[in-house]
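A short worksheet on the structure shown next.
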Amino acid sequence: MKDDFRFTPIVKCVGFNCNLRCGYCFYHDSTREQKQMSLPTTEVLIKETCLHNRNGTANFVWHGGEPLLAGIDFFREIINLQKKYTDNSQPVINGIQTNGVLVNECWLDFFKENSFRIGVSLDGPQKFHDYYRRYPNGKGSFRDVMKSVELFKKHNFPFGVVSVITDISVKYPDRVFEFFLENEIHCVKFSRSIYKDECGRMQKGTTNPEEYGKFLLRIMDLWLAEDNPEIKFA
């Protein structure tokens, strides 16, 4: 039986540019050239992905840095290229993982028009989120991210959250769980913070694996007690 393999590129190199300087981020490097992926490279990626998945759905996940820094015209060109190589007959799914601080009505209209799936990076309550997720000037990004969350909710636009659990928040699973329920955020994927220096040594911000395991077990207990199938925490 022939394997029916599906290829979903997670495009982490839309650009290395980011408007935040998160304390645990392993992508930010002052020596890294802050380039954006060129349109010729983007076209090759889209063409090959669509051809490889010609008997099924072409699925793309766009990351950065912060992918929205590439600009809305860049993503409009992505849509045009996808139409070119699918001839509108092949299903295409686009997802974006964003820090959320650039989302506005214009971006939201674009996401709606093109059925994008959105993931927002939000690490929980403000004191946890702002501890690491800051602008270059040291200001926390929580309030700006929550403005985007409220915009999605106002327009009933579905979104999910990726929540990085750090050495700070890992001790407070109940508070993290309560925060997302209080803000009616029901689709959350947790991720352990792992931050190594260039020599492979663990740095500040790295979550102890045993503590992270206990965190996830407690989240599961809380989720089971809630007994609500609409809440999807992983």
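In terms of heavy atoms, Trp62 sits closest to Asn94 at NE1-OD1, 2.9 Å. Taking all atoms of both residues into account, the shortest heavy-atom contact from Ser141 to His129 is OG-NE2, 2.9 Å. Here the closest non-hydrogen pair linking Asn228 and Trp223 is O-NE1, 4.2 Å. In terms of heavy atoms, Pro136 sits closest to Leu20 at CD-CA, 4.4 Å. What you find for Gly100 and Val120 is that their closest heavy atoms are CA-CG1, 4.4 Å. Considering every non-hydrogen atom in both Ile165 and Tyr212, the closest pair reads CB-CE1, 3.9 Å.
If you run side chain to side chain donor-acceptor pair (under 3.5 Å) between Tyr24 and each of Asp123, Thr206, Thr207, only Asp123 comes through.
Thr57 places no side-chain N or O within donor-acceptor distance of the main-chain N or O of Asn59, the cut-off being under 3.5 Å. Under the 3.5 Å distance criterion, the side-chain polar atoms of Thr49 are left unmatched by any main-chain donor or acceptor of Ile46. Side chain of Gln90 to backbone of Cys50: a donor-acceptor contact under 3.5 angstrom is found. A distance-only check finds a donor-acceptor pair linking the side chain of Lys153 to the backbone of Asn183 [under 3.5 Å].
Counting non-hydrogen atoms of other residues, nucleotides and ligands closer than 6.0 Å to CD of Glu230 gives a total of 12 or fewer. Under a cut-off of 6.0 angstrom, the local environment of CZ in Arg76 is crowded, with over 12 non-hydrogen atoms contributed by other residues, nucleotides or ligands. In this structure, Tyr172 places its OH atom where only 12 or fewer heavy-atom neighbours from other residues, nucleotides or ligands lie under 6.0 Å away.
A donor-acceptor contact closer than 3.5 angstrom links the side chains of Tyr85 and Glu43. No hydrogens or angles considered: a donor-acceptor pair under 3.5 Å links the side chains of Asn19 and Asn99.
Contact annotation: the side chain of Leu151 never approaches that of Phe159 to less than 4.5 Å [non-hydrogen atoms, C-beta and beyond]. Taking the side chain as every heavy atom from C-beta outward, Leu122 and Ile185 approach each other to under 4.5 Å. Counting only heavy atoms from C-beta outward, the side chains of Val164 and Tyr132 never approach each other to under 4.5 Å. Residues Glu66 and Val101 are not in side-chain contact: their nearest non-hydrogen atoms beyond the backbone lie 4.5 Å or more apart. Counting heavy atoms from C-beta on, the side chains of Thr166 and Tyr131 never come closer than 4.5 Å. Between Ile78 and Thr42, the closest side-chain pair of non-hydrogen atoms falls below 4.5 Å.
With hydrophobic clusters built from ILVMFWY side chains whose heavy atoms lie under 4.5 angstrom apart, Val92 shares a cluster with Phe110. Cluster annotation: Ile93 and Leu51 are assigned to distinct hydrophobic clusters (Ile/Leu/Val/Met/Phe/Trp/Tyr, side-chain heavy-atom contacts under 4.5 Å, transitive). Under the 4.5 Å side-chain contact rule for hydrophobic residues, Phe74 and Leu45 share a cluster. The hydrophobic clustering, which links ILVMFWY residues whose side-chain heavy atoms are closer than 4.5 Å, places Val14 and Val44 apart. Leu69 and Val162 sit in two unconnected hydrophobic clusters of ILVMFWY residues. Membership requires side-chain heavy atoms under 4.5 Å apart, directly or through other members.
With values rounded to the nearest 0.5 angstrom, Ile72 atom CD1 is found 11.5 Å from Leu102 atom CG. Rounding to the nearest 0.5 Å gives a distance of 6.5 Å between CD of Glu210 and NZ of Lys214. Note that the CG atom of Asp167 and the CZ atom of Arg192 stand 11.0 Å from one another [nearest 0.5 Å]. Between the CZ atom in Arg175 and the CZ atom in Phe180 there is a gap of 10.0 Å [rounded to 0.5 Å]. Here CD of Glu178 is found 7.5 Å from CG of Leu222. Values are rounded to the nearest 0.5 Å. One distance of note links CD of Glu150 with OG of Ser148; it measures 10.0 Å at 0.5 Å rounding.
Between Phe116 and Phe75, the angle of the ring planes goes over 60°, which puts this pair in the perpendicular group of the 30/60° scheme. Taking the six-membered ring where the residue is Trp, Phe179 and Phe142 present tilted rings, their angle falling between 30° and 60°.
For the side chain to side chain donor-acceptor pair (under 3.5 Å) condition, the pairs that include at least one residue of residues 107-122, sequence neighbours left out, are Gln97-Ser121, Lys112-His155.
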Is there a side-chain contact (heavy atoms from CB on, under 4.5 Å) between Leu68 and Ile96? Walk through the geometry before answering. CA-CA 9 Å; Leu68 299 194; Ile96 282 185; 3.9 Å; yes
